[in-house]
Amino acid sequence: MLVAIIAWDMKNEQKVDNIKAQKAIVSLVTPVGEGGIGKIIVSGLDALSVVNKAFQGKGIADLREAASYKLYYGYIQDRGRKIDEVIVNIIKREDSFTGEDVAEVNCHGGIRVLMRIHECLQSAGAADAPWNALLARSLANDRLDFVQREAIQELIEIQTKLGAKVLLDQYTGALSGALNRGLEIIEEIRAGVSGDISPHPSSVSSPVGVSGSGGGSYDLLQKSDAFVSILTNLIRELLETASFGMALTTPQVLVILGKPNVGKSTSINAILGEERMLVHHEPGTTRDYVSEVISVEGIPFELVDTAGIRATTDKLEAMSIEMTQEQLQRADKVIVVFDNSRPFDKEDDEILRTLHAWLMSKTSGDLPLKTHTHAIIPVVNKCDLPVILDKRRIESALQRPICALSALNKEGFDDLNKRLIEEFDTVYKPMRPVVFNKRQYQLLAKADSFIEKNKECLITRHRTNEAPHVINTVKKIFTACLEGQE
Ligand SMILES: Nc1nc2c(ncn2[C@@H]2O[C@H](COP(=O)(O)OP(=O)(O)OP(=O)(O)O)[C@@H](O)[C@H]2O)c(=O)[nH]1
Ligand SMILES: [Mg+2]
């Protein structure tokens, strides 16, 4: 993967001169273990001379004379003794991902060889560093912005194909592009505001005619008002994608809850498509909690089976129930299961009360609102048996439509899957900007509420001397989102 990163087509070539070149670092970028190939990257001001000390090449005497994007065959050697046959890929600073000279040493995989070459390159003058130190250098040299760096770090841990596609888009600049667009819009608003309040000396010759009087100025003010709405729309569109983006990067913890014997474990087995959980007609079969990661239409979930909740004097059962409560505290979503073939009873009622308390404890302003409204999915299982349960009790308590299942016959699961992902209604489109972490979400939500609160002073008729301060604050929030300050 790092080959692709390093070979990345740089958009910021003009920034090469600003590079803060640093001493070479060496990173093991493939896992240390058995494999066909291993890769070690050296990056830095003196990277080529460091690798040159240990490299004996065929057809090249000095790697400092190497051309960018060329492969050089040879050996890494230590005091005349060959360690391994290697192919070194050279990428000069103007082309490289880190903005520094880079040598990628491709050797045979295997713990001994990798470790020996790694040691040898340290002896030649490079400092050992984790692979993500390379990302830090890209950031320092303006090769990546903070959002792109976050995207690549998430990409490495992502669980589903959809997540990989979305994060690759953000890494290649989808969200950064939208944030940069936001910064441009902010400047358009500023242009209008400065025309309104204090004409800038250069404005007379401005191509858009910010003269402080006349039709040109009026146009600009009108436009600047329109830009306030454009900015608000841009922010809201981005915020709309947050629950989807954040669900991709952090698997939702999905806890299955219900009184004993309602078919929780059978339902999980049907979702997983395998007999993973122990199922039995005796209540109290599940004692421990068991979890598995699943993907529903590309959204990852950590699905947790739990012991049934009910009042008990049995010590072991009480411990199981305590564990269920712990899992519930971790939950992002809950599937609560009721039994169609039994009457609604006080155990079901107790579960509804537990859920109500859980939802209250979860409600907080720092996450998308829809995350809370879709947090509970009521399920009635054993719908293959005659109806005895009074479903209205459940519907009126939870105010959510019920999902009907027969876990035994594996029926109703398409509907359940739809319900699980209904809040993540953001459709995948290539290069669509997507907010994918809480930091980005919170900053954009802050910008949104700040603009909403101060809108009056940005709107033409109501402008006050406060406007430049408001604009600067919004700009600061956008810059923090893009560049990771604050
Ligand atoms: N008829 C019918 N029986 C079901 C259905 N789902 C589960 N069962 C049966 O209900 C019994 C209990 O199922 P489990 O999946 O172990 O129930 P549970 O909720 O995990 O039970 P505990 O772990 O004891 O809390 C078993 O005999 C299942 O075969 C269903 O949809 N229809
Ligand atoms: Mg069970």
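For reference, positions follow the sequence shown, starting with 1. Counting convention: from 1, in listed order, for ligands and their atoms alike.
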Under 4.0 Å to a heavy atom of D384 - the qualifying atoms of ligand 1, by number | 1 (N), 2 (C), 30 (C), 31 (O), 32 (N)

Got a sec: does the CZ of R116 have more than 12 other heavy atoms crowding it under 6.0 Å?
-> no

Could you verify whether a donor N or O on one side chain and an acceptor N or O on the other, from E297 and N417, lie under 3.5 Å apart?
-> no

At a 4.0 Å cut-off, with the gap strictly under it, does some heavy atom of S406 reach an atom of ligand 1?
-> yes

Does a donor on one side chain sit under 3.5 Å from an acceptor on the other, for S43 and E100?
-> yes

Taking heavy atoms and a distance under 4.0 Å, where does T266 meet ligand 1: side chain, backbone, both or neither?
-> both

Polar-atom distance check: A407 versus ligand 1, any N or O pair below 3.5 Å?
-> yes

Using a strict 4.0 Å threshold on nitrogen-to-oxygen distance, state whether R149 and E483 make a salt bridge.
-> no

For ligand 1, which atoms have a heavy atom of L385 less than 4.0 angstrom away?
-> 1 (N)

Counting only pairs under 3.5 Å, give me each side-chain donor-acceptor contact of residues 174-185, with atom names and distances, residues two or more places apart or in other chains.
from, atom 1, to, atom 2, distance (Å)
S176, OG, D145, OD1, 3.2
S176, OG, D145, OD2, 2.8
N180, ND2, S176, O, 3.2
R181, NH1, E184, OE1, 3.4

L408 N/O under 3.5 Å from ligand 1 N/O | yes

Is there at least one pair of N or O atoms, one from D305 and one from ligand 1, spaced under 3.5 Å apart?
-> no

Between the Mg ion (ligand 2) and S265, is there an N, O or S atom separated by less than 2.8 Å?
-> yes

Side chains of N106 and K39: do they bring a donor and an acceptor to under 3.5 Å?
-> yes

Note: E422-R400 ion pair, threshold 4.0 Å (strictly below) = yes

Between side-chain atoms of residues 154-166 and protein atoms elsewhere (two or more places apart, or another chain), which donor-acceptor pairs fall under 3.5 Å?
from, atom 1, to, atom 2, distance (Å)
T160, OG1, G163, N, 3.2
T160, OG1, G298, O, 2.6

Considering only heavy atoms of K264, which atoms of ligand 1 have at least one such atom less than 4.0 Å away?
-> 15 (O), 17 (O), 18 (P), 19 (O), 20 (O), 21 (O), 22 (P), 25 (O)

Please work out which of K259, K382, E411 has its closest non-hydrogen atom nearest to atom 9 (C) of ligand 1.
-> K382

C383-ligand 1 polar pair, N/O distance under 3.5 Å = no

